[in-house]
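The structure is given below, and queries will be raised subsequently.
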Amino acid sequence: MIIQQLVNGFSVGAVYALIAVGFGLVFNVLKFSNFSHGSTMGISAYIAYLFAMKFHLSIVPTVSIGTIAGGICAVLVELIAFRPLRKRGGQIVYFFVTSITMLMLLENILVIFFGDTFYAFPKMIASTAITVAGVSISTLYLVMLGCSVCALALLSYWLKYTKMGVAIRAASCAINTCNLMGANVDAVISWTFFVAGLMAGLSGSLLGISYTLYPQIGQIVVKGFIASVVGGLGNLTGAVVGAILLGILEVFFIATIGAGLTPAATFAIMVLFLFLRPQGVAGTIVRDKA
Amino acid sequence: MLDIKELYVSYGRITALQGVSMHVPRSSIVCIIGNNGAGKSTLLNAISGMVKPKSGEITFEGRPLPAHPHQIVKAGIVQVPEGRQVFPILSVDENLTMGGYVLSYREIRERKARVYELFPRLKERAGQAAGTLSGGEQQMLAIGRALMSSPKVILFDEPSLGLAPMVVSQVFELIAKIKESGVTVVLVEQNARKALSVADTAYVLENGKVVLEGRASELLENPMVEAAYLGGRKSA
Ligand SMILES: Nc1ncnc2c1ncn2[C@@H]1O[C@H](COP(=O)(O)OP(=O)(O)OP(=O)(O)O)[C@@H](O)[C@H]1O
Ligand SMILES: [Mg+2]
């Protein structure tokens, strides 16, 4: 029973990790907390939903469409909202405020088009379970886990072995020096948003398919934010660890004290964690960067 | 090969360069000396496209320079910035990848092999985070990174800053070697005696203006330069 909860928590945490990593990528390069990441999740989940309904898609194409929609959406948000600010040399706080404004704006656009109601994706994942070594794991959680782990592995490969991936990591050290090496900063930033958006799109559609779809689904970005702070802001591995911790905590609390009290309890634990270890899970690495 | 005419650069109200003109001949070392705040880094950053001049023009091989830093690197002008600026969390190898950003993957592999040949120490430390290298090794990495794209011109901004005397000598030997290989060098230095002894021509910058220019060997003998920039360092 405990092991089963652990696996479930791990799976939910892996989806949060997608959010946290996307959030962290943009933070690393542009040094601001991009809450509009949440609206990217929401919009791509709705786009995935529309396609799934219209064309009776199965899970793989649905999630793929959601993922790509997320990438495109994030690039557009950067182009429309953040790039003009950057060209004028705006301060970090303006980026932050703009990102929250974009979250609200896009959320309300979803309300206008879809109403403030819940939608359910057509049933895509059989509600069966697989039993491994006496532990039964539902297919739903396995799909969440599988998609997230694959996406994170691909991302980490891409960041390590492609020129653009290395440039994004270089830009998170010093964007001007990255420019001085011959990388086009606008392109590096667009790619950062694109890749972060892919992660947002994937997590948004997975969450929509697993639970329900509602305009405020993007507010789950807060969990990604908390996870990346717990992980040590600026460190992607830390963000993944933080997100998985968060997922496991949540599942355990839901099983023990109930869904109603869970948010309060998890946030309390996270605050306590930051109180004890303000530098986050990966504190030392982040300090090296400062 | 690189010509600068009447360049004015300002940061808001501060005017950092006031009508600087300069000629950088092919395959030579041009050295720029001047006190803190004279505008040396500003001049290099204007060439690199990192700051936009208010007026004046820079031509490279007879054509105006492209507008953006990445295009300027592609055209063949790279900078080894002040304070080295290696990417601390990237490995040595990844720092070199960044130096070769404008190249194809295959070219990057080939150039890396050349750079590692030149700096065996970097090869030993290829997988190590650049932030954990010593100051001297970081400077070697910064230079190796600049060499990655096979540039025509390298701009050095105070490469000897904060290095032990022996390493400083190595750096200057390396700069001389780079010139011998046909690369044009613009060298900004506080260490005026050493810089003037490797350079062909030199410019003295004060408050954003060129106050003196000539053959480096002549400037080395010039009493004004002696007093202002070489004073008390004769033994160095
Ligand atoms: N980003 C900036 N914003 C505002 N003023 C600047 C900026 N960069 C340089 N300046 C100013 O421009 C002038 C020239 O600076 P610059 O860095 O070019 O001097 P430098 O000759 O390289 O000095 P140092 O030897 O200390 O490196 C200085 O007065 C400096 O304060
Ligand atoms: Mg300087």
Residue B:Leu44 versus chain A: region with a heavy atom under 4.5 Å: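 Answer is neither: B:Leu44 stays 4.5 Å or more from chain A.
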Option among A:Val185, A:Asn176, A:Asn179 that satisfies the side chain to side chain contact (heavy atoms under 4.5 Å, CB included) test with B:Pro69: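 Passing option: A:Asn179.
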Smallest separation among heavy atoms of B:Ser48 and A:Leu180, with atom names: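 B:Ser48 and A:Leu180 have their closest heavy atoms at CB-CD1, 3.7 Å.
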Which atom of A:Ala170 lies closest to which atom of B:Leu90, heavy atoms considered: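 Closest approach of A:Ala170 to B:Leu90, heavy atoms only: CB-CD1, 3.8 Å.
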Could you list which of residues 67-88 of chain A have a heavy atom closer than 4.5 Å to any heavy atom of chain B, in residue-number order?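 Under the 4.5 Å heavy-atom cut-off, nothing qualifies.
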A:Tyr157, OH atom: more than 12 neighbouring heavy atoms under 6.0 Å: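 It does not: A:Tyr157 OH has 12 such atoms or fewer within range.
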When B:Gln79, B:His68, B:His70 are compared by non-hydrogen pairs under 4.5 Å with chain A, the top option: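 Option with the top pair count is B:His70.
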Taking all atoms of both residues into account, what is the closest heavy-atom pair of B:Tyr101 and A:Met181, and its distance?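 Smallest heavy-atom distance, with atoms named: CB-O, 3.9 Å.
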Locate the shortest heavy-atom distance separating B:Ile89 from A:Cys173; write the atom from each residue and the value.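 Where B:Ile89 meets A:Cys173 most closely, the heavy atoms are CG1-SG, 3.4 Å.
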Counting only heavy atoms not in B:Tyr11, do more than 12 sit closer than 6.0 Å to its OH atom?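 Yes, because the 6.0 Å sphere around OH of B:Tyr11 holds more than 12 heavy atoms from other groups.
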Between B:Ile108 and chain A, which part of the residue has a heavy atom less than 4.5 Å away: side chain, backbone, both or neither?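 Interface part for B:Ile108: side chain.
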A quick test of your reading: do over 12 heavy atoms of other residues, nucleotides or ligands sit less than 6.0 Å from NZ of A:Lys163?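 Above 12, so yes.
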Nearest heavy-atom pair of B:Met98 and A:Ala183: which atoms, and what distance?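 For B:Met98 versus A:Ala183, the nearest heavy atoms are CE-CB, 4.4 Å.
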Check B:Tyr105 against A:Tyr161 and note the closest heavy-atom contact, atom names and distance.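 Result for this residue pair: CE2-O, 4.1 Å.
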Is it true that, when you exclude A:Phe10 itself, more than 12 heavy atoms of the residues, nucleotides or ligands shown sit nearer than 6.0 Å to its CZ?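 No, because the 6.0 Å sphere around CZ of A:Phe10 holds 12 heavy atoms or fewer from other groups.
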